[in-house]
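Throughout, protein chains are lettered first and strands after them, A, B, ... in sequence-line order, and every chain is numbered starting at 1.
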There are 2 protein chains.
Amino acid sequence: MGRKAGRSPGETRRLLLDAAGAIIRTRGVSATLDDIAQQAGVSKGGLVYHFASKEDLIRALADDLLQTFRNAVESALDPADTAPGRLTRAYVRACLDTSQDERVLLETIALLAQLITIPAVAELARADAECWDRELRADGLPEEVLALVVSAADGAVNAPLWGTLTRTANLRRLEDQLIRLTLSDCAPPSSGG
Amino acid sequence: MGRKAGRSPGETRRLLLDAAGAIIRTRGVSATLDDIAQQAGVSKGGLVYHFASKEDLIRALADDLLQTFRNAVESALDPADTAPGRLTRAYVRACLDTSQDERVLLETIALLAQLITIPAVAELARADAECWDRELRADGLPEEVLALVVSAADGAVNAPLWGTLTRTANLRRLEDQLIRLTLSDCAPPSSGG
DNA sequence: GTCTATACTGTGATAGAC
DNA sequence: GTCTATCACAGTATAGAC
């Protein structure tokens, strides 16, 4: 039995991670390792070689997704924006971004919510949330504004999780409202664009 | 084998539902039917008699939790409040309610997020979300205010899902902010209680 | 009609062949 | 380093006691 693969271990890992994301998005966390391995073009044993257990695979996938979100926020940072609330505005833009085809980020969150079932992932998410809390608090915004804006952004991101169908136009308007809230304590929500 | 139980079928069902909630809260959706049955004091076969499959059990549990939230909002309705946004304010109060011991509601949401893994539950949640959307839109609030307030409330409810530890004082302040937003288009978030 | 006991099926995990 | 063979156990289905 056994064969050497025509690719590097790192490539196989990424292949398996992407396959896991695709399969679990469709069939939920109860998707079998067989299915995931097949999607990646390796055997089940091959998968288990790279990820000691299903939990290990899912934990790595969650880590990958958390990092993807962090990258999205970083990309949303406006270099010209140096005012207090700079990071918060990037956070809002990343959360409500509708430019990506098929709302990749929203799907990512929905997938993450599935993974969070696993205790190891929950712990990962907790540490990540704590990190965000620290960074956002240091962003220079009044606490009340920060709490309101971040809660709303989080709510919008979580909406698809609960089956709420959010239309692009509504997300854009909410994004504008939230950005305005970070720029002044009292932005009239009724004069929205 | 077999025995008549010293209780009605309905009581057994509720016993099993409560047990499922308790066990799944602790061990996740991967909790075994054996564990749940044992917690309820019946055999695994007995459980399967009342709920044809694990999916069926989880679907019933989700339905029960959705109804619990709906009841919470109804209880939060202020009889003296007849102004536009009446339902929205109850929704906010129910979402941010910290009076219940151990934040039962927040735990309920976290549990629901676990259950939503199952496709049948996702469909249930979608229908429920659509229902809320319809009712809240008919609540007489400007669309921009509604979207902002509901998103923020949803975000606060979902926060524990992501491991964010929300302190009671912060939730109270956010609740005040959101209620004020439903009463005027421009409530200064900085004068919070 | 309700339930217990138990056998069946398929999944995740492991040991070891190549 | 990769994969096959196999094991242990969870979810499901069924038989039959009350």
Side-chain angles (χ1 to χ4, degrees), chain A residues 1-62 114-121, chain B residues 1-62 114-121:
Chain A
M1 323 170 194
R3 258 189 42 232
K4 296 187 183 87
R7 54 178 175 268
S8 75
E11 284 169 339
T12 304
R13 245 185 94 95
R14 173 114 301 275
L15 224 49
L16 286 165
L17 241 27
D18 291 340
I23 294 290
I24 294 178
R25 249 179 263 261
T26 312
R27 314 186 195 178
V29 275
S30 64
T32 69
L33 296 185
D34 257 331
D35 291 341
I36 294 169
Q38 187 179 346
Q39 166 89 10
V42 308
S43 70
K44 185 165 83 165
L47 187 160
V48 172
Y49 170 71
H50 287 283
F51 301 96
S53 66
K54 188 177 187 179
E55 174 168 332
D56 191 39
L57 168 65
I58 288 181
R59 190 192 169 287
L61 178 59
Q114 291 208 6
L115 304 188
I116 220 155
T117 301
I118 285 80
V121 175
Chain B
M1 325 172 198
R3 257 187 45 232
K4 296 194 182 82
R7 57 178 176 269
S8 74
E11 285 169 339
T12 304
R13 245 186 93 95
R14 173 112 302 278
L15 225 50
L16 285 164
L17 242 26
D18 290 341
I23 295 289
I24 293 179
R25 250 178 263 261
T26 313
R27 312 185 197 178
V29 274
S30 63
T32 69
L33 296 183
D34 257 329
D35 291 341
I36 294 169
Q38 187 178 347
Q39 165 91 10
V42 308
S43 70
K44 186 163 79 164
L47 187 160
V48 172
Y49 171 72
H50 287 282
F51 302 96
S53 66
K54 186 177 188 180
E55 176 167 331
D56 192 38
L57 168 66
I58 288 182
R59 190 192 169 287
L61 178 58
Q114 291 207 6
L115 304 188
I116 219 154
T117 300
I118 284 79
V121 176

Just how far, in rounded Å, is [atom2] of [N] from [atom1] of [X]?
| X | N | atom1 | atom2 | value |
| --- | --- | --- | --- | --- |
| A/I118 | C/dG12 | CD1 | P | 12 Å |
| A/D35 | C/dT11 | CG | C1' | 11 Å |
| A/R13 | D/dG1 | CZ | P | 14 Å |
| B/Q38 | C/dA5 | CD | C1' | 16 Å |
| A/E11 | D/dG1 | CD | P | 15 Å |
| B/D34 | D/dT12 | CG | C1' | 12 Å |
| A/I24 | C/dT11 | CD1 | C1' | 15 Å |

**OP:** Would you indicate, yes or no, if D/dA10 has its OP1 or OP2 atom less than 4.0 angstrom from a side-chain nitrogen or oxygen of B/S30?
**Re:** no
Original post:
Rounded to the nearest 0.5 Å, what separation is found between the CD1 atom of B/I23 and the CD1 atom of B/I36?
Top reply: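 Here the interatomic distance stands at 7.0 Å.
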**OP:** Kindly indicate whether the side chain of A/R59, heavy atoms from C-beta on, has any atom under 4.5 Å from the side chain of A/F51.
**Re:** no
Original post:
Side chains of B/R7 and B/V42: closer than 4.5 Å at any heavy-atom pair?
Top reply: yes
Original post:
For the side chain of B/L33, counting heavy atoms from C-beta on, which of D/dG11, D/dC3, C/dG12 is nearest?
Top reply: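 Of the options given, the side chain of B/L33 lies nearest D/dG11.
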Subject >> Nucleic acid contacts - residues 44-61 of chain A versus DNA chain D, non-hydrogen atoms under 4.0 Å >> reply: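 Close to the strand are A/G45, A/G46, A/Y49, A/H50.
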Subject >> B/L17/B/R14 under side chain to side chain contact (heavy atoms under 4.5 Å, CB included): CA gap, chis, key distance, verdict >> reply: CA-CA 5 Å; B/L17 242 26; B/R14 173 112 302 278; 3.7 Å; yes
Subject >> Minimal non-hydrogen separation, A/A22 against A/Q39, with atom names >> reply: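 Looking at all heavy atoms of both residues, the shortest contact is CB-NE2, 4.2 Å.
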**OP:** Examine distances only and state if a side-chain atom of B/K54 and a backbone atom of B/V29 form a donor-acceptor pair shorter than 3.5 Å.
**Re:** yes
Subject >> Side-chain donor/acceptor of B/D35 to backbone N/O of B/A31, under 3.5 Å >> reply: no
Original post:
Across the strands shown, which category fits B/S43 at heavy-atom distances under 4.0 angstrom: base, sugar-phosphate, nothing?
Top reply: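 Base contact - B/S43 has a heavy atom under 4.0 Å of at least one base atom.
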**OP:** Pick base, sugar-phosphate or nothing for B/A37, based on heavy-atom distances below 4.0 Å to the nucleic acid.
**Re:** nothing
